[in-house]
Amino acid sequence: MKTLHTSLALLVLLLVSSHLQATMAGSSFCDSKCKVRCSKAGVQDRCLKYCGICCEECHCVPSGTYGHKDECPCYRDKYTGSGKRRRPKCP
């Protein structure tokens, strides 16, 4: 009986960990689009982070490394801060 409980616990742990890895990994669509978008960025990790956040929410990333935000209105209209500190959230 004890081995059954141990086996069941290990199986549950394995399933939970594989699910967490899949949800934390991000989509391959966003990863590839953000890699292109951030290829010329001065701070790569920050660009990839915010591009990934915006892509997951908007399901699109503008083409090229700069501009073209009219291709993706959701991406274009995301802002952070308020007042004089208001600035675009998505790179």
Side-chain angles (χ1 to χ4, degrees):
M1 189 69 163
K2 189 174 183 178
T3 58
L4 178 64
H5 287 291
T6 305
S7 298
L8 191 58
L10 287 173
L11 181 64
V12 169
L13 188 62
L14 180 66
L15 290 172
V16 168
S17 67
S18 65
H19 175 71
L20 285 175
Q21 286 178 345
T23 56
M24 290 171 40
S27 72
S28 60
F29 170 80
C30 290
D31 291 345
S32 63
K33 293 289 188 178
C34 289
K35 187 175 181 180
V36 171
R37 184 76 178 174
C38 297
S39 63
K40 294 183 179 178
V43 185
Q44 288 274 320
D45 58 339
R46 190 179 317 160
C47 182
L48 290 169
K49 175 185 174 183
Y50 289 108
C51 180
I53 290 170
C54 294
C55 178
E56 291 294 326
E57 291 177 12
C58 297
H59 307 292
C60 64
V61 175
S63 62
T65 57
Y66 185 79
H68 306 290
K69 289 189 176 181
D70 56 316
E71 296 174 0
C72 185
C74 171
Y75 193 96
R76 175 193 65 211
D77 297 338
K78 289 207 169 296
Y79 286 91
T80 188
S82 60
K84 291 182 179 181
R85 294 187 45 91
R86 186 173 186 229
R87 60 204 176 277
K89 179 174 188 170
C90 306

Quiz item: To the nearest 0.5 Å, what is the distance between OG (Ser27) and NZ (Lys33)?
Solution: 11.0 Å
Quiz item: Taking the SG atom of each, are Cys58 and Cys90 under 2.5 Å apart?
Solution: no
Practice problem: Could you tell me whether a side-chain N or O of Arg86 sits under 3.5 Å from a main-chain N or O of Tyr79, the two making a donor and an acceptor? | Solution: no
Quiz item: Which pairs pass side-chain hydrogen bond (donor to acceptor under 3.5 Å, both in side chains) with one or both residues in residues 62-78, sequence neighbours excluded?
Solution: Glu57-Lys78, Ser63-Glu71
Exercise. Count the heavy atoms of every other residue, nucleotide or ligand shown that sit under 6.0 Å from CZ of Arg85, and state whether that count exceeds 12.
Key: no
For residues 40-55, run the donor-acceptor check on the side chains, cut-off 3.5 Å, and write out each pair with its distance to 0.1 Å, sequence neighbours left out.
unit_1, atom_1, unit_2, atom_2, d
Gln44, NE2, Cys38, O, 2.5
Gln44, NE2, Ser39, O, 3.3

